[in-house]
Amino acid sequence: MHVGVGRKLLSTPSRLLKLLLPLKPTGFSHPIDSPLALLVHPQQPLSYLERLIQAELPLITSPNSAPRPPNISFKAIDLSDALVEAQNSNPQSLKKLQSLRGGEGQGGVETGGGLGSLSPSEKSGKGGYVRWSTSTEVGDFVRDAARGKEFVIGIEGSEDLPVGIPSFRQRTHYLRQRLMATTREIEQLERLKSECDGIAHRGAQRVAISGFAGLVGWWAGVYWLTFKTSLGWDVMEPVTYFVGLSTVMGGYLFFLYNNREVSYRSALHMTVSKRQMKLYREKGFDIEKWEELVNEGKALRREIKAIAEEYDVDWDERSDEVGGDKVIKVLNENEKGGKRGQETRIWEEREDAKTK
């Protein structure tokens, strides 16, 4: 078997990992102009990757045993002991070991042979290689191997294959592209939503002010009829009593019909929500699409942050142009369960239940 030089691990738009290995079986006379691509899911075990590689290699034959596939091992550099030892002994060695992770936003490089400066031995610990169990998930193995920028695939009867780990930006390239596209759509819909919400809230404020003006007018009318006319309190007392009782009955009817408590807040929210839904329909704002985009943006951002934690990278979404401060604020509010969005969904569900 002949082994080429280009070995790397790449991310794909489908969130799978693509492993490129230039393998050529023994006896294959033609030169290989393209490496072999193997797709694996991060949650699949290394044993699955082992079988994929074995399927591309010739069987090992011997006079005393039946043909069998070559043994495959997966090894990664163990930097934990080396970092502690370097920190206690030689600060320059510590800087060299830490430089393996790359600068901020890198977390590694996509190249082979990046461990030459360490001169690692085959012993475990102290910066040497550690062989991993094939029952380990691919994602967990890559996460730990990212500390040393690469891992090694050992093939029985052949030289080891160093495989470069993608950097943080390479690993999250497609995720960040999707997040940018999603946040652009959110930003466009946010402008329309903000316009509708602003009109609805201003209309609700006018209704609230009108209600206060009506209460003031009722108070002034009762005062004038009681003290400035011949009706007096003997006539106005029953009137005010029945008006107050009618208000209580109206509030109870409001509770029975809308299934919510009677309060100034609920009345204001009902007015705002009704106006919002009407404006959304008139101006063509699709609230279901809005919520889907926000949920997708939250999921993508959580996934990128999880990968950033694996690479020990402080990812700044603002520097990645994934949306303005307003979009980031929308995602943060919905991440915490955005009260206004939650109340709007509840209102929609109740309105839909009434129409059925």
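From a predicted model like this one, the values you see are computed outputs, not experimental measurements. Values below: every heavy atom of this structure, side chains too, minus hydrogens, waters and symmetry copies.
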Transitive ILVMFWY side-chain link Leu192 to Val294, under 4.5 Å:
yes
Could you pull out the closest heavy-atom pair between Leu268 and Ala204, with the gap in Å?
CD1-CB, 3.6 Å
Could you pull out all residues at least two apart from Arg178 that satisfy salt bridge (charged side-chain N to carboxylate O under 4.0 Å, His left out)?
Glu296
Shortest non-hydrogen pair, Lys8 vs Val163, comes out as C-CG1, 3.7 Å
Find out whether Leu52 and Leu19 are in side-chain contact, i.e. whether some heavy atom of one side chain is under 4.5 Å from a heavy atom of the other.
no
Would you say Ile72 and Ile155 make side-chain contact, with heavy atoms under 4.5 Å?
yes
Minimum heavy-atom separation for Ile287 and Tyr280, please, with both atom names.
CD1-CE1, 4.2 Å
Between atom CG of Leu10 and atom NE2 of His173, what is the distance when rounded to the nearest 0.5 Å?
11.5 Å
Take Leu279 and Glu282, measure what side-chain contact (heavy atoms from CB on, under 4.5 Å) needs, and give me the verdict at the end.
CA-CA 5 Å; Leu279 290 171; Glu282 291 178 353; 3.9 Å; yes
Expected output: side-chain Arg176 to main-chain Arg169 donor-acceptor under 3.5 Å:
yes
What pairs with Phe74 under ring pair (Phe, Tyr, Trp, His ring centres under 6.0 Å), at least two apart in sequence or on another chain?
none
So, Thr172 side chain and Leu175 main chain: donor-acceptor pair closer than 3.5 Å or not?
no
Within a strict 4.5 Å, meaning less than it, do heavy atoms of the Arg143 and Asp140 side chains meet?
yes
Hey, could you give me the CD/CG distance between Glu291 and Leu293, rounded to the nearest 0.5 Å?
10.5 Å
Can Phe285 be reached from Val272 by stepping across I, L, V, M, F, W or Y side chains whose heavy atoms are under 4.5 Å apart?
no
Should Phe227 and Met236 count as side-chain neighbours, where that means a heavy-atom distance under 4.5 Å?
no
Run the side-chain contact (heavy atoms from CB on, under 4.5 Å) test on Phe168 and Ile304 for me, step by step, so that the C-alpha distance in whole Å, both residues' side-chain angles and the decisive distance to 0.1 Å come before the verdict.
CA-CA 9 Å; Phe168 168 74; Ile304 295 174; 4.0 Å; yes
Name each donor-acceptor pair under 3.5 Å that joins a side chain in residues 244-256 to protein atoms two or more places apart or in another chain, with its distance.
| unit_1 | atom_1 | unit_2 | atom_2 | d |
| --- | --- | --- | --- | --- |
| Ser246 | OG | Phe242 | O | 2.7 |
| Thr247 | OG1 | Val243 | O | 2.9 |

Do the non-hydrogen side-chain atoms of Phe151 and Ile77 ever get within less than 4.5 Å of each other?
no
With side-chain contact (heavy atoms from CB on, under 4.5 Å) as the test, would you mind laying out the steps for Asp160 and Lys75 before giving the verdict?
CA-CA 10 Å; Asp160 292 345; Lys75 295 177 287 185; 3.1 Å; yes
Check against side-chain contact (heavy atoms from CB on, under 4.5 Å), Asn71 and Ile60
CA-CA 9 Å; Asn71 294 323; Ile60 295 179; over 6 Å; no
To the nearest 0.5 angstrom, please state how far the CD atom of Gln54 sits from the CG atom of Leu49.
10.0 Å
For Pro69 and Leu59 the tightest heavy-atom approach is N-CD2, 3.6 Å
What verdict does the side chain to side chain donor-acceptor pair (under 3.5 Å) test give for Thr136 and Ser133, after you've listed the backbone C-alpha separation in whole Å, the side-chain angles of each residue and the deciding distance to 0.1 Å?
CA-CA 6 Å; Thr136 307; Ser133 169; 4.6 Å; no
Is it the case that more than 12 heavy atoms not belonging to Arg68 sit under 6.0 Å from its CZ atom?
yes
Side chains of Trp132 and Asp144: does their closest heavy-atom pair fall under 4.5 Å?
yes
Starting at CG of Leu21, measure out to CG of Leu57 and round the result to the nearest 0.5 Å.
9.0 Å
Anything under 3.5 Å between a donor and an acceptor, one on a side chain of residues 205-225, the other on a protein residue two or more places apart or in another chain? List them.
| unit_1 | atom_1 | unit_2 | atom_2 | d |
| --- | --- | --- | --- | --- |
| Ser210 | OG | Arg206 | O | 2.8 |

Can you name the salt bridge (charged side-chain N to carboxylate O under 4.0 Å, His left out) partners of Lys278, sequence neighbours left out?
none
If you measure from CZ on Arg171 to CG on Leu17, what distance do you get to the nearest 0.5 Å?
5.0 Å
With heavy-atom distances below 4.5 Å as the criterion, would you say the side chains of Leu300 and Tyr174 are in contact?
no
Backbone N/O of Gln170 and side chain of Ser11: donor-acceptor pair under 3.5 Å:
yes
In short, Ala145 meets Ala76 closest at the heavy-atom pair CB-CB, 4.0 Å
Are Arg275 and Ile199 close enough that some pair of their side-chain heavy atoms sits under 4.5 Å apart?
yes
Residues Ser73 and Arg131: closest non-hydrogen pair is CB-CD, 3.8 Å
Ring pair (Phe, Tyr, Trp, His ring centres under 6.0 Å): which pairs involve residues 40-60, sequence neighbours left out?
none
When rounded to the nearest 0.5 angstrom, what distance separates CD in Glu150 from CD1 in Ile165?
8.5 Å
